[in-house]
2 protein chains.
Amino acid sequence: MAKGLAEQRRQEMIAALRAGGHRLTPQRLAVVEILAESANHPSVEQVFKRVQRDFPTTSLATIYKTMSLLKQMGQVLELGFAHWGSRYDGKKPYPHPHVICTRCGAIVDPESPGMQELAQQMAGKSGFRISHHRLDFFGLCPRCQGR
Amino acid sequence: MAKGLAEQRRQEMIAALRAGGHRLTPQRLAVVEILAESANHPSVEQVFKRVQRDFPTTSLATIYKTMSLLKQMGQVLELGFAHWGSRYDGKKPYPHPHVICTRCGAIVDPESPGMQELAQQMAGKSGFRISHHRLDFFGLCPRCQGR
DNA sequence: TATCATAGGATAATCGTTTTCCATAGCAGT
DNA sequence: ACTGCTATGGAAAACGATTATCCTATGATA
Ligand SMILES: [Mn+2]
Ligand SMILES: [Mn+2]
Ligand SMILES: [Zn+2]
Ligand SMILES: [Zn+2]
């Protein structure tokens with residue numbers, strides 16, 4: 001079933017590229033496949049290294065361009081950080097909470113309660129028109145807690 | 001009363017510097033005063049320009065160093081962003097939600113419901129030991145909604 | 001298969017932030 | 001107040017992730 005989910009996401013991303021009139025290049029397909037399969041919120045560098053296996057001449061700039069394209073199409077969620085590089089979620093490309101290990105950099109998707117309602121509340125109180133949100137919890141993952 | 005609050009924060013920051021065995025330089029005191037008074041989550045650049053009024057020879061590096069120092073002492077909250085510069089909150093140096101205008105960059109502190117409990121919930125479900133968190137809501141402020 | 005605009009590759013540029021290095025000036029201790 | 005030690009400030013270079021540039025290569029369509 002995990003395979004099915006990933007496959008579905010892959011199809012959606014490809015469909016989005018088609019719908020947007022973008023070319024289905026081997027590099028893009030490779031990035032899409034990796035994003036659809038990765039549950040660990042990979043970095044650009046990680047995606048880059050994996051794409052390079054199949055296409056050794058691939059440039060890092062291409063990965064950045066593809067990420068940016070998928071992001072603007074709403075097909076990938078970017079978790080930008082100030083001091084270290086961004087991380088990406090291609091499985092759940094919509095806002096959702098994350099739990100982040102400050103030691104090893106692991107990022108996981110926890111079970112999320114009603115964030116939407118909270119967002120609406122915020123909008124009402126601040127007068128803002130909320131478009132999206134971001135919720136991160138920082139700490140030590142189980143593995144890093146043991147020194 | 002707003003003056004009282006700012007004054008209190010100023011004292012706390014100065015006390016923290018003293019307690020940490022750090023020198024009370026004119027530049028640091030200037031930064032502290034600005035952070036204690038600013039409710040608009042200023043950027044390094046903004047703090048820099050204001051400090052320069054009183055101390056024209058001030059370097060941008062000094063502001064960065066001071067921000068970093070205050071941050072590691074827990075006297076200022078840093079809101080780091082991936083694509084643009086960081087913003088700082090010296091009035092409430094602990095984690096709390098923010099509402100951010102994606103057009104003009106305005107950042108405000110909304111009324112916050114129980115975030116602490118939510119954090120504990122997350123910890124339990126993920127097995128993480130949560131130390132801090134971050135919650136941002138993005139959208140358009142009232143002023144920017146009118147084109 | 002010819003055409004053509006888009007996308008890839010290589011590299012330089014960007015920009016906020018950090019580091020480096022030395023002169024300066026807090027701040028004990030006298 | 002004076003001295004001396006050392007943290008700190010200032011200036012500029014370095015840094016690192018990301019973006020822009022520029023030219024060639026290659027999907028997509030007919
Ligand atoms: Mn996720
Ligand atoms: Mn705040
Ligand atoms: Zn960890
Ligand atoms: Zn605005």
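Lettering of chains follows the sequences in order, A, B, ..., and the numbering in each one begins at 1. Owing to the predicted nature of the structure, the values given are computational and were not obtained by experimental measurement.
In this structure A/Phe81 satisfies the ring-ring contact (aromatic ring centres under 6.0 Å, His included) test together with A/Trp84, sequence neighbours excluded. Residues forming a side chain to side chain donor-acceptor pair (under 3.5 Å) with B/Gln52 (at least two apart in sequence, or on another chain): none. Qualifying ring-ring contact (aromatic ring centres under 6.0 Å, His included) partners for B/Tyr64, counting only residues two or more places apart in sequence or in other chains: none. In this view, B/Arg134 and B/Asp136 satisfy the salt bridge (Lys or Arg N to Asp or Glu O under 4.0 Å) rule, not counting sequence neighbours. With sequence neighbours left out, A/His98 forms a ring-ring contact (aromatic ring centres under 6.0 Å, His included) with A/His41, A/His96. By the salt bridge (Lys or Arg N to Asp or Glu O under 4.0 Å) test, B/Lys71 pairs with B/Glu78, sequence neighbours left out. A/Glu45 meets the salt bridge (Lys or Arg N to Asp or Glu O under 4.0 Å) test with no other residue; sequence neighbours excluded. With sequence neighbours excluded, no residue forms a salt bridge (Lys or Arg N to Asp or Glu O under 4.0 Å) with B/Arg87.
For DNA chain D, the neighbouring residues in residues 41-75 of chain A, judged by any heavy atom under 4.0 Å, are A/Ala61, A/Tyr64, A/Lys65. Against DNA chain D, the stretch residues 79-87 of chain B makes heavy-atom approaches under 4.0 Å through B/His83.
Between C/dG9 and A/Gln27, a contact under 4.0 Å exists linking OP1 or OP2 to a side-chain N or O. Phosphate proximity of D/dA7 to B/His22: absent, as no side-chain N or O sits under 4.0 Å from OP1 or OP2.
Terminal axes of the helix from C/dT1-D/dA30 to C/dT30-D/dA1 (five pairs each, C1' rotation axis) are separated by 40°, to the nearest 10°.
For A/Arg28 and D/dT26, the CZ to C1' distance is 12 Å, given to the nearest whole Å.
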N/O donor-acceptor pairs under 3.5 Å from side chains in residues 11-22 of chain B, not counting sequence neighbours:
unit_1	atom_1	unit_2	atom_2	d
B/Gln11	NE2	B/Glu7	OE2	2.5
B/Glu12	OE1	B/Arg9	NE	3.0
B/Glu12	OE1	B/Arg9	NH2	2.8
B/Glu12	OE2	B/Gln8	NE2	3.2

